[in-house]
Amino acid sequence: AWIQGTASDLLGVRLGYFLTPFGIWSIDHGTPTLIALNRPQFTRGRLYPDHQLGLQVLGQTALGAWNLGYVGYVSNGKTKGQLDTTDDKAFGGRLSLSTTRPVRLSLGLSGYGGRYSEQKLESLADGSLGVQSVETVAYHQWDGGADVSLDIDDFRLRTEGAVERIEYVPGKRDTVYDIAGTVWPDRTVWGVYTLMAYQLPWAGIEPFVSGAV
């Protein structure tokens with residue numbers, strides 16, 4: 001749900017609730033991309049958020065047989081649930097380079113960075129009526145990714161990798177899968193997948209193989 005104004009191919013402005021422009025799945029998540037029944041795990045909102053509310057600047061230009069596209073944005077970032085309880089902002093962007101000659105090929109680089117916060121309501125410390133919001137979990141995160149999409153006749157290749165760094169605010173670490181007495185450390189996590197498919201000339205059948213870590 002968003003509105004957009006376009007001044008030219010090089011400049012457009014989009015405001016609203018948008019799919020995060022990161023990697024392959026959020027950009028092109030329709031039938032041509034959904035070859036497998038399940039999305040790779042790190043593309044399901046486990047790292048960067050699936051959707052964000054904010055402002056995008058985007059555009060594209062032709063470079064010979066290639067098309068160069070960009071997206072930059074500022075948003076409310078990753079939130080727990082639908083309510084944003086802080087004024088923190090997240091930033092991100094994506095660069096893509098694509099062509100259809102001699103084969104259909106797209107290369108992409110994506111990035112995301114922001115501060116995550118969880119809060120709870122508590123009674124006022126002085127005992128008076130009312131409640132206050134107390135931050136219980138907070139961390140900074142940075143994500144980067146690279147992806148390749150290649151189509152050669154009836155053969156399709158999709159491969160993508162992403163890495164994330166999380167650093168907690170002192171004293172505001174969250175528990176490991178809600179296990180009491182445990183906390184997550186600062187950490188770097190990553191994921192990679194490759195998917196190859198070939199469409200047979202019979203009844204639209206398209207066998208594929210895939211692997212992910």
For Glu164 against Lys78, the heavy-atom pair lying closest together: OE2-NZ, 4.4 Å

Closest non-hydrogen atom pair, Asn67 against Ala62: OD1-N, 4.2 Å

Distance-only polar pair, side chains of Asp88 and Tyr116, donor-acceptor under 3.5 Å: no

Partner of Asp186 under side chain to side chain donor-acceptor pair (under 3.5 Å), chosen from Arg165, Arg173, His140: Arg173

Value rounded to 0.5 Å, distance of CG in Asp174 from OG1 in Thr182: 9.0 Å

Evaluation steps, side-chain contact (heavy atoms from CB on, under 4.5 Å), between Val71 and Phe18: CA-CA 12 Å; Val71 181; Phe18 53 81; over 6 Å; no

Inter-residue atom distance Leu47.CG - Thr20.OG1, 0.5 Å rounding: 11.5 Å

Path from Val189 to Trp25 over hydrophobic side-chain contacts below 4.5 Å: yes

Ring-ring centroid check Tyr177 Trp184, cutoff 6.0 Å: yes

Connected via hydrophobic side-chain network under 4.5 Å: Phe91 and Leu15: yes

From CA spacing to verdict: side-chain contact (heavy atoms from CB on, under 4.5 Å), Lys172, Tyr139: CA-CA 8 Å; Lys172 297 182 179 180; Tyr139 59 78; over 6 Å; no

Polar contact flag, side-chain donor to acceptor under 3.5 angstrom, Glu118-Thr136: no

Sub-4.5 Å side-chain heavy-atom contact between Leu19 and His51: yes

Steps toward side-chain contact (heavy atoms from CB on, under 4.5 Å) verdict (Gln52, Tyr112): CA-CA 11 Å; Gln52 298 183 66; Tyr112 169 86; 3.4 Å; yes

Nearest-0.5 Å distance, CD of residue Gln60 to OG of residue Ser96: 8.0 Å

Criterion side chain to side chain donor-acceptor pair (under 3.5 Å) on Thr159 and Thr194, from CA distance to verdict: CA-CA 4 Å; Thr159 186; Thr194 297; 2.9 Å; yes

pair Leu55-Val13: side-chain heavy atoms closer than 4.5 Å: yes

Exam field: side chain Ser149 to backbone Ser106, donor-acceptor pair closer than 3.5 Å: no

Nearest-0.5 Å distance, CZ of residue Arg156 to CZ of residue Phe208: 10.5 Å

Parallel, tilted or perpendicular: rings of Tyr48 and Phe22 (30°, 60°): parallel

Expected output: side-chain Thr99 to main-chain Ala65 donor-acceptor under 3.5 Å: yes

Derivation and outcome, side-chain contact (heavy atoms from CB on, under 4.5 Å), residues Val57 and Tyr70: CA-CA 8 Å; Val57 177; Tyr70 75 92; 3.9 Å; yes

NZ (Lys89) with more than 12 external heavy atoms under 6.0 Å: yes

Residue Arg187 excluded, over 12 heavy atoms near CZ under 6.0 Å: yes

Considering all heavy atoms, the nearest Gly77-Ala90 contact: CA-CB, 3.5 Å

Which atom of Tyr193 lies closest to which atom of Ala212, heavy atoms considered: CB-CB, 3.7 Å

Under 4.5 Å side-chain linkage, directly or through intermediates, the cluster mates of Leu97: Leu63, Trp66, Leu68, Val103, Leu105, Leu107, Val148, Leu150, Ile152, Phe155, Leu157, Met196, Tyr198, Leu200, Trp202, Ile205, Val209

Side chains of Trp190 and Val213 in contact at under 4.5 Å (non-hydrogen atoms): yes

Arg94 vs Asp147 side-chain heavy atoms within contact, under 4.5 Å: yes

Heavy-atom pair of closest approach, residues Glu206 and Ala197: OE2-CB, 3.5 Å

